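Here's the structure we're looking at; comments come further down.
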Amino acid sequence: MNQQHTISSYLIERLKDLGVRHVFGVPGDYVLGFYKEMENSTLEVINTCDELGAGFAADAYARVNGIGAVCITYCVGGLKVANSTAQAFAEKSPVVIISGAPGKSERVKHPILHHKVRDFDSQLKVFEQLTVASAVIDDPDTACAEINRVIDAAMKFKRPVYLEIPRDVISRPVTPAKTEHDKIPETDGNILKEALQEAIGIINAAEKPVILAGVEIHRFGLQKLLLELLKKTNLPVASTLLSKSVIVESHPQYLGVYEGAMGRDEVKEYVESSDCLILLGVFMSDINLGIFTDHIDQGKCISTSSEKLSIHYHSYEDVGMEDFIKGLISCETRKREILDIPNPPHPVKPQPETGKKLTVDYLFGSLNSFLDDNTIVIADPGDALFAAIDMSIHSATKFLASAYYASLGFAVPGGIGAQLANPKLRPLVLVGDGAFQMSAMELASAARFGLNPIVVVLNNEGYGTERPMIDGRFNDVHLWDYSKLTEVFKAGKGYEVKTENELEAALVDAKKQDSLTILDVHLAPDDSSLALKRLTAALKKHVK
Ligand SMILES: Cc1ncc(C[n+]2csc(CCOP(=O)(O)OP(=O)(O)O)c2C)c(N)n1
Ligand SMILES: [Mg+2]
């Protein structure tokens, strides 16, 4: 960094240092200057149709790439990414939100400037709630240190951060500040030793220990350590829905997705009958626990996460998750015989019957055998997500979903972010018709940037997940010809799919296309996956 930096060039440099290659967003006059700076740099600007799409794309990008960024204008754009930022916060995804803002010189005497809501700091206050660190970069003397503080927090906590830059300061010269790259707090060696002693004692004495690998293993890049631990101990491992694909799903020690009553019965029984459950970075959220249909006994758990380590009913301070897992690997943990465990069933390709109407079961059976090593599955909440529980993802980190925050509209723009983060991947986007109507226009962005997601629209004529809870006309959607959208976007190919044989033909053909494809898959409005049937039965009790 020998050149004379400005606020914008310094921020761009820092983003690049951390691995950002694409920035998603929609410009506006308060941020146009920064857009020009990005265009003049090696960062690629990915204009989406709408800011929410940019926010979701940046979140998916961060999940695959380790960090993502979105750049928008003040309030009208910023407040649209509030929802995607909330998702990134809730599900731990390090996204840097960069917002333009009115210039300092324009604010004198509080004029009523366009896009201002109440006060000049209204948007900042919103983002203070949604991020782990935030700053207004308006002073060249502190700009670099503040940029570093905020970006380092994103890396440390794997959560979104917010930077707001008044438009008249972006070209101010600055002196680069030292970056801390501060890592997870140091572990206290004595406390770690004691915690490991206790944990190893319990694990070694247990008859049936089971590991539950959560999403933080993925976010903190600890998949290799997990594999080492499995090799060292031979213990069986399950994932949660949020962490699905944390480990390659054909691994011999893999049980499947544990999800209380929503997951496979054998997984529920196996996990819940364990006398020592080792939870690694698991979110104990309602969806992850099958809407609390789980029966996990805290008195049998050893749980480590980025926030705390607890053994049964007590906790240890200052023990990092990575250090604890490394400790488990290096200690004298008992190596067991590899047990005969209920692995997920191997995908069996269903045989299509000509003219037979499609069901959710058939669709997912067929999609399951369609996956290959380069497919990344991105599922929107709704039956697309629940039915995907039992798909067999080929390699680690090839499944993305808003499985805790549960915002509709993530999957289509998420496919854009995922494929730009790793161009070797082809997204298989699984999306309900309701969620698709919220996000379909972003396929135009996919077309513009030459991406080729295969988009499967589960067309059940409305909000199927909600119907069994309380039904009404509010759960219907207007019926579109989804497959014709490729004509509107002037790219790709659409298929209308009603029968088993039409599905097979469409999938085979879609795989050959190098542009985007949309499969409008007609399903009966009252059809659903087994997992959804169980979930709605559980939810019904809560909404009355
Ligand atoms: C942004 C957002 N709005 C509303 C909801 C509430 N919601 C949850 S599931 C659902 C229905 C989704 O319909 P669709 O995408 O067609 O999937 P299906 O339930 O039919 O499988 C709705 C509206 C939500 N989760 N997210
Ligand atoms: Mg639907």
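FYI, side chains are in, hydrogens and waters are out, and symmetry mates aren't considered; it's all heavy atoms of this structure. Counting starts at 1 for both ligands and their atoms, in listed order. Keep in mind that what you see is a predicted model, and the values were worked out from it rather than measured.
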Would you sort out whether Asn83 and Ser407 count as a side chain to side chain donor-acceptor pair (under 3.5 Å), showing the intermediate values? CA-CA 8 Å; Asn83 186 47; Ser407 178; 3.0 Å; yes
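- Salt-bridge check for Lys80 with Asp50: passed, with a basic side-chain N closer than 4.0 Å to an acidic carboxylate O.
- Side-chain contact between Ile151 and Leu18 is present, with at least one heavy-atom pair separated by less than 4.5 Å.
- Annotation: His114 is in aromatic contact with Tyr30 [ring centroid separation under 6.0 Å].
- Note: His22 and Tyr61 have perpendicular aromatic rings, judged against thresholds of 30 and 60 degrees for the angle between ring planes.
- If you take CG on Asp471 and OH on Tyr463, they are separated by 12.5 Å, rounding to the nearest 0.5 Å.
- Annotation: cation-pi pair Lys116/Tyr74 absent, no NZ/CZ under 6.0 Å from the ring centroid and within 45° of its normal.
- Cation-pi geometry between Lys484 and Tyr482 is not met at under 6.0 angstrom from the ring centre and within 45 degrees of the axis.
- If you count the protein N, O or S atoms nearer to the Mg ion (ligand 2) than 2.8 Å, you get 3.
- Ligand 1 is surrounded by Gly382, Asp383, Ala406, Ser407, Leu408, Gly432, Asp433, Gly434, Ala435, Met438, Asn460, Gly462, Tyr463, Gly464, Thr465, Glu466, each with at least one heavy atom closer than 4.0 Å.
- In this structure, Glu502 does not pair ionically with Lys498, as no charged nitrogen and carboxylate oxygen lie closer than 4.0 Å.
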